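Below is one structure; the comments refer to it alone.
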Amino acid sequence: MAGASIHPYHQQWMPPPQAQPAAAAAPPIPVENPNRSATDDVRTIFISGFPGDVKERELHNLLRWLPGFEASQINFKGEQPMGFALFSSPQHAMAAKNALQDLVFDAETKSVLHTEMAKKNLFVKRGVVANSSSLDQSKRLRTGGDYNYASYPTPPFHPPPPPVYGTPGYMAPPAPYDPYGGYPVPQVSMHTPAPMPAPSGYAPIQNTKDNPPCNTLFIGNLGENVNEEELRGLFSGQPGYKQMKVLHQERNTVCFIEFDDVNSATAVHQNLQGAVLPSLGRGGMRIQFSKNPFGRRKDTVNGSAAEHNVAPTTYQQ
DNA sequence: AGCACA
């Protein structure tokens, strides 16, 4: 226990704090959003549900992986800590909001995060954290910066999947957020070649059941007349993409996508969950891990149940 | 919710 889950993967950010290529002159261009509202330019999310002893750093380390993350802050004034996180665009913020929603922040204290779009943007001061006039302890905490401005310059990393599965005792609910996989947000970055068609948006998905992670994804809720090219265009651009198979069923279309490894699959599972394509009809696609990965057959080995007990009987580190 | 192909 007590093993604070520190992932050994440290983000390699760009040190130069002043090198902002075109950031100042390039306001984020929102992707075509049918339901634009007055709150369109809020790119800050409000996060509650922290345990009382949450640390600024914890929140920052959680958020720093998210695309477009710029800064975060915790306000310890009220009953319980209130977190705020600023992103580089409303889309990024929205995606982060969805990703963090209902995240189990601390299983022991049963802390579950709740996120909303903030009422107004988090104000980030450049330079020194607090000026001498109002050195308020509760406001002093602020992190983040402009090192993570756009999306990742390169696919950052592909660490092994989280060891959540198979943890006895505590059945982790299918948290919609996987800290190991960023999600690409619609093309709002300044200088991305945009090789792959971005989804036109994201819709919330109730993904109740899923299968254990594997290198193959099952895509559902595609409607009956999806444009296969659109699908292929979207997925073939994903890192680790190998092949895809579309299945036209009675009233529905489903699709299988194989990736190089489970990590790439997991990333896409997170990245494109709920992605909306123009031809989808309605709603977003539902992404699950396939029951049967490509290339692996159902285990009808030779008629026998094939209980190859190769599995280690003792678990020790 | 709908899971094929080798």
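Proteins come first, then strands; the chains are lettered A, B, ... in the order of their sequence lines, and each starts at number 1. Only this structure's heavy atoms are used, side chains among them; waters, hydrogens and symmetry mates stay out. Predicted model, so just to flag it, every value in this text is computed and none were measured.
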Between B:dC3 (C1') and A:Ile287 (CD1): distance, integer Å: 15 Å
Note: A:Glu258-A:Lys245 ion pair, threshold 4.0 Å (strictly below): no
On DNA chain B, nearest-nucleotide positions of A:Val254 versus A:Lys245: which is more 5'? A:Val254
Find the distance A:Asn215:CG to B:dC5:C1' and express it as a whole number of Å. 13 Å
Quick one: A:His248 NE2 to B:dC5 P, roughly how many Å, whole number? 14 Å
So for A:Arg251 and B:dG2, does any side-chain atom that can act as donor or acceptor lie under 3.5 Å from a complementary atom in the base? no
Distance in angstrom units between A:Asn211 CG and B:dA4 C1', rounded: 14 Å
For the pair A:His269 and A:Phe289, name the ring-plane relationship: parallel under 30°, tilted 30 to 60°, perpendicular over 60°. parallel
Sort and list the pairs that fulfil salt bridge (Lys or Arg N to Asp or Glu O under 4.0 Å) and have at least one residue in residues 269-279 of chain A, not counting sequence neighbours. none
From C-beta outward on A:Asn252, which listed nucleotide comes closest to its side chain: B:dC3, B:dC5, B:dA1? B:dA1
For A:Phe256 and B:dA4, are the ring centres under 5.5 Å apart with planes inclined under 30°? yes
Earlier contact from the 5' end, DNA chain B, for A:Ile219 and A:Gln243: A:Ile219
Heavy atoms under 4.0 Å, any strand shown: does A:Thr253 hit a base, just sugar-phosphate, or nothing? nothing
Between CZ of A:Phe289 and C1' of B:dC3 the distance, given in whole Å, is 15 Å
Sorted by chain and residue number, the salt bridge (charged side-chain N to carboxylate O under 4.0 Å, His left out) partners of A:Glu224 (sequence neighbours excluded) come out as none
Could you check which of B:dC3, B:dA1, B:dA4 has an atom nearest any side-chain atom of A:Arg286? B:dA1
Nearest-angstrom distance from the residue atom CE of A:Met244 to P of B:dC3: 18 Å
Atom-to-atom span, CG of A:Asp210 to C1' of B:dG2 - whole angstrom: 14 Å
Within one Ile-Leu-Val-Met-Phe-Trp-Tyr cluster: A:Met94 and A:Val276, side-chain cutoff 4.5 Å: no
How many whole angstroms separate atom NE2 of A:His269 from atom P of B:dC3? 16 Å
